[in-house]
Every structure is written in C-alpha cells, then in structure tokens.
Amino acid sequence: MKALLLKLIRFYRSNLSPARPPCCRFIPTCSAYALEALEKYGAWKGGWLALRRILKCQPFHKQKSIEYDPVP
C-alpha cells in the first residue's frame with residue numbers, strides 16, 4: 001500500500017504538477033509533505049496526515065500567507 005501511494009505521488013509530481021501553476025500555500029509543498037509523511041509513518045498514519053494537509057490547502061483556509069508546516 002505504501003509503495004503504491006508513493007508511486008502515485010511521484011507520478012503526480014513528474015507528470016501532472018508541471019502542467020499547473022504553483023498554488024500551494026504551504027512549505028514544503030503538499031506533495032513533498034505527503035511523500036515525507038508516507039515514508040516516515042507508513043500508509044495509514046502518513047496517508048491521514050497527507051489527507052489532512054491537502055484538505056487545508058484550499059482558498060477558504062484561515063491562513064492567508066505562506067505557512068511553514070513540516071511533518072510532525
């Protein structure tokens with residue numbers, strides 16, 4: 001499961017992300033955060049952390065500027 005999720009994120013970063021303008025409001029980017037969380041915590045906890053982060057990366061989040069949010 002972990003290997004599949006990592007491959008999907010790497011596919012997104014190499015093929016889909018370059019076609020879009022940069023829009024992430026966090027440092028590190030959401031995909032880099034997801035890769036690190038999955039590698040550090042595994043599929044379940046790392047996937048949960050990545051999902052929470054992606055849900056925060058939207059226009060209605062209270063933070064308006066670039067926010068540093070590393071993997072715990």
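Position 1 is the first residue of the sequence, and the numbers go up from there. Just the heavy atoms: all of them, side chains too, but no hydrogens, waters or symmetry mates, feed the values below.
- Considering all non-hydrogen atoms of both residues, Cys57 and Arg25 come closest at SG-N, 3.9 Å.
- Across all their heavy atoms, Ala37 and Leu49 have their closest contact at CB-CB, 4.3 Å.
- Residues Tyr41 and Val71 are in side-chain contact: their nearest non-hydrogen atoms beyond the backbone lie under 4.5 Å apart.
- Atom CD1 of Ile54 is separated from atom CZ of Phe26 by 11.0 Å, given to the nearest 0.5 angstrom.
- Taking all atoms of both residues into account, the shortest heavy-atom contact from Gly46 to Leu38 is C-CD2, 3.8 Å.
- Rounding to the nearest 0.5 Å gives a distance of 14.5 Å between CZ of Arg10 and OG of Ser17.
- Nearest heavy-atom pair across Ser31 and Ile9 is O-CG2, 3.7 Å.
- If you take CG on Leu35 and SG on Cys30, they are separated by 11.5 Å, rounding to the nearest 0.5 Å.
- Shortest non-hydrogen contact noted between Pro72 and Tyr33 is CD-OH, 3.7 Å.
- Considering CZ of Arg53 and CD of Glu36, their distance stands at 10.0 Å, rounded to 0.5 Å.
- Residues Met1 and Leu8 do not share a hydrophobic cluster, defined by chaining ILVMFWY side chains whose heavy atoms lie under 4.5 Å apart.
- Across all non-hydrogen atoms, the minimal contact from Pro70 to Pro28 is CA-CD, 4.3 Å.
- Asp69 has its side chain within reach of Lys56: a pair of non-hydrogen atoms, C-beta onward, lies under 4.5 Å apart.
- Using a 4.0 Å cut-off between charged side-chain N and carboxylate O, Lys45 and Glu39 make no salt bridge.
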